[in-house]
Structure formats: C-alpha cells, structure tokens
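Okay, structure first, notes after.
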Amino acid sequence: MKEELVLYRIIDAGDVPSLIRAFMDSYELVAPVECDQGHIFDTIDDPNDVVLDYSTTIASPKKYFLPPREVLFKFDVAQNDVDAYELDVKPRVLFGVHPCDMNAIEKLDSVFLEGPYPDPYYRARREATLIVGVGCTPSQSCFCHRMDADEAPAGYDLFLQNLGDRFWVSISSVAAAEVLEESTTLREATDEDRAAFAAATRRRNEAFSSDIPFVQDVAMLMDTYHSDPFWAELGSRCLNCTACASVCPTCMCFDIVDELAFDGKTGERVREWDCCTNPQFATVAGGHNFRPSERERVRHRMYHKLNGFKEKHGSMLCVGCGRCVDACKTGINPIEVLKFFDEKTRGAHDAQQGKGETNGE
C-alpha cells in the first residue's frame, strides 16, 4: 500500500477491460491467463486474455519480486574490482491476485524489507509494483481459512469482488484510484450492493472443503509431536524434487554462487532459489549435513511454515493456497499435518474423557 486511503466504490463488470487498458498505458501488466495445465501469471498484451474467475495459478506471483535467478553484481578478478549491477525495474501492476497471495507478499515483505538490512533488489521491485486483488472461490485444495490468510490484507492498491454484473472495489492507494477514476464509471455502494457483497463472502466461506480440519495451537503441536513417527512416514514419501518450493508463494530460501566467465578473469554473483528439502541444503564446509534424511528435511520445512516463522513474525508462514497439495505427487502437504494433529488431539481428548468417566467425574 502506497498511501493511506480507504474508499469503496462500484463499477460495472464491463468496465474491467478499460481499467486493464488504462494500467497498461503506464505499467507492465501481469495477470492470470489460461494455459494448457491451468492458469499462470504472465505479462499481458491483450486485456481479453486476463482470467479473473480462476481457482488458483500453478505458481505464485512471487517471482516478480524474487526471481528464480538474478545477477547481484559483476566482478573482475584481474582488476580485483566489483561493478554494481544495474537493476532494470519496470513499473508493474499485478492484476487479479488472490487474498492468499497478497498475504504471502506481506510475509515476504516482513523478511526482505524489515530489519536493519532490507534487500535492495526486492525493495526496488516491490516499490515499483501496484497490486490489484480479486475475490475468489476456493478449490478443494485451498485451506487459507485455516491459516488466517483468507481475507485480503492492507497490502493492495485495489481489490475487486465480483457481484455478478458489477464489482465492489476497495481502494487503498491514490495512484490506483486515479487510474480507476479515469477509466471507469464509479458510483457509491447502495444497500443492495452491500447485501450482494455479504452474500458473495458467505458463498465463498461455505465453499471451503469440510474435510480440512480446524486445529488450534498448530505451532505448539509442532513442538509436542516433533519426535513422532509420523515424520518418518511423511518423509519417506519425499522424492527430493523441490516442486513444493517452486510453487509456494512464501518459500524464500536462496543460494548464492559465483560464476566465472570462460577466461576466468570476470564473473557474476548470482542468487538462485533453493529449497530446504534439497538433500544438499544443510550441507556445510567439511561435508557435514545437519539434515541428512528426508524425515528431518520434511519436518524442518513444516516446522518453519507452521512454527518457526510465527515465533519471529507473529503469523504462520503458510497461507494455505493449496499449490503444494497439487504439486506434490506423493501427498506431502500441510493438510496432512493438520489431519495428523486433529487425529492426535481428538484421541487425547477422548482418552481424557474416558478417564473422567471411569473415575466417576
């Protein structure tokens, strides 16, 4: 969010293409489009390519802030000199972002922008980007409501909620408000619009899968069952493919490598995505691996998502987008962890209740 502003307006559904075109006049516009295997975020040339009623995208928009591979700087070995890399940042609009992904971006912000050493590469892209969110209907893989990530946070510039023939628009920045006003016909929300908005929210809440349990104190349970045989069974399924991290909107681990040119005199320092389920991830100088087994790596990944990040930043890192549910071919995902915790806590409750009945309580 660039400026503090809270406004709510209504636009006709037919005005959305003109809104997209207006953004395209001044920004590179990235939005969900259809592909052979589903939907992806991609750069838009034609507003008619934008799909807003998608369930989820195969991968998140994270790559537009933290690219899979980027040059940090170039160096000259012969001259013992470093040249700062000129980052080419274009003003950009991410259009059609779901609440879970907006929550994910806020979590990335807390890591890469807060603290004494903000990441200049991430910051440059983040500050050059407007975010236009859109309401969604959850698929059977979605569990954002279990991760407190089903509502749009403050980190958007516009947010669109489909009301059928019109959209409810939440406005949170002056820059986006100006484009909206110039390209659409705005009107005040009526009681009928507010009722339609409430009905759309209710339908969305009812669409979540009832098979995904609500579990209290997930972070505490990660500690309680840290040594349970469950992790060995879950880890035994892992193929070390790192597909989970590739599609995850909040995985942020990276490796840094120096790549020399063929002459050995110049080179580049490159940042690349990495993943804690990579067998070499925790290997240090001397060859020791702090997490040599799949059990340890899978447990560590889940621990960071559901406990470790929360201890430092106040919320779980997982946003329940469900992408890892679809990407992992062996069924390793946080839903499995929630079901395990649900089974354990229900069993403990039943045992305690039975004990009380035996004692005549």
Side-chain angles (χ1 to χ4, degrees), residues 59-63 65-66 68 97-119 121-123 126 141-155 212-228 230-231 234-235 238 242-255 271 273-278 281-282 290-291 295-325 327-328 332-341:
S60 79
K62 172 183 67 178
K63 65 181 181 181
F65 303 112
L66 186 66
V97 182
H98 283 174
C100 60
D101 281 332
M102 287 189 287
N103 276 277
I105 292 169
E106 283 213 325
K107 295 175 192 296
L108 295 178
D109 287 351
S110 69
V111 172
F112 289 100
L113 297 183
E114 298 176 7
Y117 305 107
D119 187 300
Y121 305 90
Y122 181 95
R123 180 174 57 190
R126 185 70 175 91
S141 301
C142 295
F143 58 105
C144 57
H145 62 314
R146 300 302 191 215
M147 298 290 115
D148 294 326
D150 54 326
E151 298 291 337
I212 303 172
F214 170 71
V215 179
Q216 290 183 313
D217 300 321
V218 172
M220 180 194 72
L221 292 172
M222 286 297 303
D223 283 327
T224 302
Y225 296 105
H226 191 260
S227 300
D228 196 275
F230 166 77
W231 300 109
L234 196 67
C238 185
T242 71
C244 50
S246 296
V247 300
C248 179
T250 61
C251 276
M252 62 193 77
C253 292
F254 57 82
D255 192 14
R271 172 161 63 183
W273 285 0
D274 204 347
C275 176
C276 59
T277 58
N278 181 339
F281 183 84
F290 283 93
R291 289 186 289 274
R295 175 185 67 87
E296 293 166 303
R297 291 193 292 271
V298 168
R299 183 180 62 187
H300 174 80
R301 173 177 167 79
M302 295 299 176
Y303 193 89
H304 187 223
K305 295 290 186 186
L306 304 177
N307 180 303
F309 187 85
K310 183 176 183 179
E311 182 177 347
K312 183 174 182 179
H313 297 280
S315 64
M316 287 186 285
L317 185 57
C318 176
V319 295
C321 69
R323 291 184 177 97
C324 62
V325 180
C328 181
I332 303 173
N333 57 71
I335 294 178
E336 293 297 299
V337 179
L338 293 179
K339 290 181 176 179
F340 164 68
F341 288 158

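The chain is numbered in sequence order, starting from 1. Source: prediction; values computed, not measured.
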Side-chain heavy-atom pair [X], [Y] within 4.5 angstrom cut-off:
X: P213; Y: F341; value: no
X: Y121; Y: L66; value: no
X: P334; Y: C324; value: yes
X: R323; Y: C248; value: no
X: W231; Y: M302; value: yes
X: M147; Y: L306; value: yes
X: L108; Y: R126; value: no
X: D109; Y: Y122; value: yes

Expected list for residues 312-320: side-chain donor-acceptor pairs under 3.5 angstrom, two or more places apart:
{"unit_1": "S315", "atom_1": "OG", "unit_2": "K107", "atom_2": "NZ", "d": "2.7"}

Rounded to the nearest 0.5 Å, how far apart are [atom1] of [X] and [atom2] of [Y]?
X: E311; Y: H304; atom1: CD; atom2: NE2; value: 10.5 Å
X: C100; Y: D150; atom1: SG; atom2: CG; value: 9.5 Å
X: S141; Y: N333; atom1: OG; atom2: CG; value: 8.5 Å
X: S110; Y: F309; atom1: OG; atom2: CZ; value: 3.5 Å
X: C275; Y: F281; atom1: SG; atom2: CZ; value: 7.5 Å
X: H300; Y: H226; atom1: NE2; atom2: NE2; value: 9.5 Å

Sequence neighbours excluded, which residues qualify as salt bridge (charged side-chain N to carboxylate O under 4.0 Å, His left out) partners of [X]?
X: D274; answer: none
X: D228; answer: K344
X: R299; answer: none

* Asked: Given W273 and K63, is the side chain to side chain contact (heavy atoms under 4.5 Å, CB included) satisfied, shown in steps?
  -> CA-CA 10 Å; W273 285 0; K63 65 181 181 181; 4.1 Å; yes
Closest non-hydrogen atom pair, [X] against [Y]:
X: A154; Y: E106; result: N-OE2, 4.1 Å
X: C238; Y: V298; result: CB-CG2, 3.9 Å
X: L338; Y: V215; result: O-CG2, 3.5 Å
X: K305; Y: C251; result: NZ-SG, 3.3 Å

* To do: Apply side chain to side chain contact (heavy atoms under 4.5 Å, CB included) to the pair T277 and C244, showing each step before the final yes or no.
  => CA-CA 9 Å; T277 58; C244 50; 4.1 Å; yes
* Asked: Is the F112-F65 ring centre distance short of 6.0 angstrom?
  ->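 F112 vs F65: aromatic centres not under 6.0 Å.
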Let me check something: any side-chain donor-acceptor pairs from residues 216-224 under 3.5 Å, sequence neighbours excluded? List them with distances.
{"unit_1": "D223", "atom_1": "OD1", "unit_2": "Y303", "atom_2": "OH", "d": "2.6"}
{"unit_1": "D223", "atom_1": "OD2", "unit_2": "N307", "atom_2": "ND2", "d": "3.3"}
{"unit_1": "T224", "atom_1": "OG1", "unit_2": "M220", "atom_2": "O", "d": "3.0"}

* **Electrostatic pair D119-R271, nearest N-O below 4.0 angstrom** =>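 Salt bridge: yes.
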* **Stepwise side chain to side chain contact (heavy atoms under 4.5 Å, CB included) test for F340 and I335** => CA-CA 9 Å; F340 164 68; I335 294 178; over 6 Å; no
* **K62 side chain to T250 side chain, donor-acceptor N/O pair below 3.5 angstrom** =>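 Looking only at side-chain atoms, T250 and K62 do not form any donor-acceptor pair under 3.5 Å.
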* Do N103 side-chain atoms and P99 backbone N/O form a donor-acceptor pair below 3.5 Å? ->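 It does hold such a pair.
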* **Qualifying residues under side-chain hydrogen bond (donor to acceptor under 3.5 Å, both in side chains), relative to R301, sequence neighbours excluded** =>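 Applying side-chain hydrogen bond (donor to acceptor under 3.5 Å, both in side chains) to R301 gives none.
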